[in-house]
Number of protein chains: 2
Amino acid sequence: MRELPYPKTEELDLPRVLHALSDPARLDMVRRLAQEGELTCGALGVDRPKSSMSHHFRTLRDAGVIRTCVDGTVHLNHLRKDDLERRFPGLLKVVLDAPET
Amino acid sequence: MRELPYPKTEELDLPRVLHALSDPARLDMVRRLAQEGELTCGALGVDRPKSSMSHHFRTLRDAGVIRTCVDGTVHLNHLRKDDLERRFPGLLKVVLDAPET
DNA sequence: TCTATTGTTCGTATTTTATCGAACTAAGAG
DNA sequence: CTCTTAGTTCGATAAAATACGAACAATAGA
């Protein structure tokens, strides 16, 4: 079960992570991943073309917010909760608890 | 003592705030404001032209991260700690405690 | 093998952001 | 009133991010 490249915990960069989270679409994706656990790309993006979704997944992955495992034809994404917590304690909770509008 | 316009606490928008904080220069400004308290524009930006600094101040102010009071010829900036804490509890602490690199 | 499914990559158009000089504004000092 | 100081606003340019169709790659299933 292959895994797409992603930064190590110690390499997580705050400005990069904040930027990844600063897009409303990506923030929604992160919230859903937090609620529903591991999700495929298709399960997350219905209202946008695949290529756009793929871009957002890449941005989140490159920033270190999510990890993607390739399982057959499906890509399973999950939040790097523990890694984020280790590097930026409390960040994820703050973001998930924040009012949506 | 005039005050430049800024969003109300209830209007603070997470993506907007995260974006404001996602720039390394602005993050530095926020850190310094947190450490040293109220600072003038000039006291914060030494390595960049005034117009660039003004842009960053505006971005932070429009996002609701800082507030700017005009006192004579000087503009005093300060972090909206309490407002941020009320709207996004813990956010500022997380950001300020995060490793710099 | 042929086909359908899942998602990435590429190319390009559009929008946003950043940067910086120059002109401008407001207030205080002399 | 004039000069200086502090910072904004304007205008141009460059860099980055977003969006999306089309072509491509990998795998599962018939």
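Per chain, numbering begins at 1; letters A, B, ... match sequence-line order. As the structure is a prediction and not an experimental result, all values here were calculated from the model.
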Student: Separation of Ile66(A) atom CD1 from dT8(C) atom P, in whole Å?
Tutor: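 In whole Å, dT8(C) P lies 9 Å from Ile66(A) CD1.
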Student: In whole Å, I'd like the distance from the CZ atom of Phe57(B) to the P atom of dA18(C).
Tutor: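 Result: 15 Å.
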Student: Return the value, rounded to whole Å, for the distance between atom CG of Leu39(A) and atom P of dT6(C).
Tutor: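 Between P of dT6(C) and CG of Leu39(A): 14 Å.
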Student: Separation of Arg48(B) atom CZ from dC20(C) atom C1', in whole Å?
Tutor: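 These atoms are roughly 11 Å apart.
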Student: Classify the nucleic acid contact of His75(A) as base, sugar-phosphate or nothing, counting any heavy atom under 4.0 Å across all strands shown.
Tutor: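 Sugar-phosphate only.
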Student: Within a reach of under 6.0 Å around CZ of Arg58(A), are more than 12 heavy atoms found that belong to other residues, nucleotides or ligands?
Tutor: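 Atom CZ in Arg58(A) is not crowded, with 12 or fewer foreign heavy atoms closer than 6.0 Å.
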Student: Side-chain N or O of Thr73(B) versus OP1/OP2 of dA6(D): is the shortest distance under 4.0 Å?
Tutor: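 Answer is no, no contact under 4.0 Å.
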Student: Same cluster or not: are Tyr6(B) and Leu91(B) linked, directly or through other Ile, Leu, Val, Met, Phe, Trp or Tyr residues, by side-chain heavy atoms under 4.5 angstrom apart?
Tutor: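 Per the 4.5 Å side-chain linkage, Tyr6(B) and Leu91(B) are not co-clustered.
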Student: I want to check one thing: is the phosphate of dA19(D), taken as OP1 and OP2, less than 4.0 Å away from some side-chain N or O of His56(A)?
Tutor: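 Yes, because at least one side-chain N or O of His56(A) sits under 4.0 Å from OP1 or OP2 of dA19(D).
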Student: Sequence neighbours left out, cut at 3.5 Å: what donor-acceptor pairs do the side chains of residues 47-54 of chain A make with other protein atoms?
Tutor:
none

Student: Could Arg67(A) and Glu3(A) be called an ion pair, given the rule that one side-chain N must be under 4.0 Å from one carboxylate O?
Tutor: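 Looking at Glu3(A) together with Arg67(A), the answer is yes, because their closest N to O distance falls below 4.0 Å.
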Student: Take atom CZ of Arg61(B) and atom P of dT9(D), then tell me their distance rounded to the nearest Å.
Tutor: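 Roughly 7 Å, once rounded to whole Å.
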Student: Rounded to the nearest Å, what distance is computed from the NE2 atom of residue His55(B) to the P atom of nucleotide dA12(D)?
Tutor: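 It works out to 18 Å between those atoms.
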Student: What is the distance from CG of Leu18(A) to C1' of dA17(D), rounded to the nearest Å?
Tutor: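 Checked: the CG to C1' distance equals 17 Å.
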Student: Which comes earlier along DNA chain C counting from the 5' end, the contact point of Lys50(B) or that of Thr59(B), where each point is its nearest nucleotide?
Tutor: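 It is Thr59(B), whose closest nucleotide lies nearer the 5' terminus.
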Student: Is Arg58(B) near enough to dT8(D) that one of its side-chain N or O atoms lies under 4.0 angstrom from OP1 or OP2?
Tutor: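 So the side-chain polar atoms of Arg58(B) never come under 4.0 Å of the phosphate oxygens OP1 or OP2 of dT8(D).
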Student: From C-beta outward on Ser52(B), which listed nucleotide comes closest to its side chain: dG21(D), dT6(C), dC20(C)?
Tutor: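 Selected nucleotide (nearest to the side chain): dC20(C).
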Student: Between Ser22(A) and Asp71(A), which is nearer to the 5' end of DNA chain D once each is assigned its nearest nucleotide?
Tutor: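 Counting from the 5' end, the first nearest nucleotide belongs to Ser22(A).
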Student: Counting heavy atoms from C-beta on, name the nucleotide in dG21(D), dT8(C), dA19(D) closest to the side chain of Ser51(A).
Tutor: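 The answer is dG21(D).
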Student: In whole angstroms, how far is the P atom of dT18(D) from the CE atom of Met53(A)?
Tutor: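 In whole Å, dT18(D) P lies 13 Å from Met53(A) CE.
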Student: Using a heavy-atom cut-off of 4.0 Å across all strands, would you classify Arg26(A) as base, sugar-phosphate, or nothing?
Tutor: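 Touches sugar-phosphate only.
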Student: Applying side chain to side chain donor-acceptor pair (under 3.5 Å), run through Arg87(A) and Thr9(A) and close with a yes or a no.
Tutor: CA-CA 6 Å; Arg87(A) 182 76 169 154; Thr9(A) 307; over 6 Å; no
Student: If you compare every side-chain N and O of Thr40(B) against the phosphate oxygens of dG7(D) (OP1, OP2), does one of them come in below 4.0 Å?
Tutor: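 Indeed, a polar side-chain atom of Thr40(B) lies that close.
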Student: Measure distances between side-chain N and O atoms of Ser54(A) and base N and O atoms of dG7(C), and say whether any donor-acceptor pair falls under 3.5 Å.
Tutor: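 Not at all, since no donor on one side and acceptor on the other fall under 3.5 Å apart.
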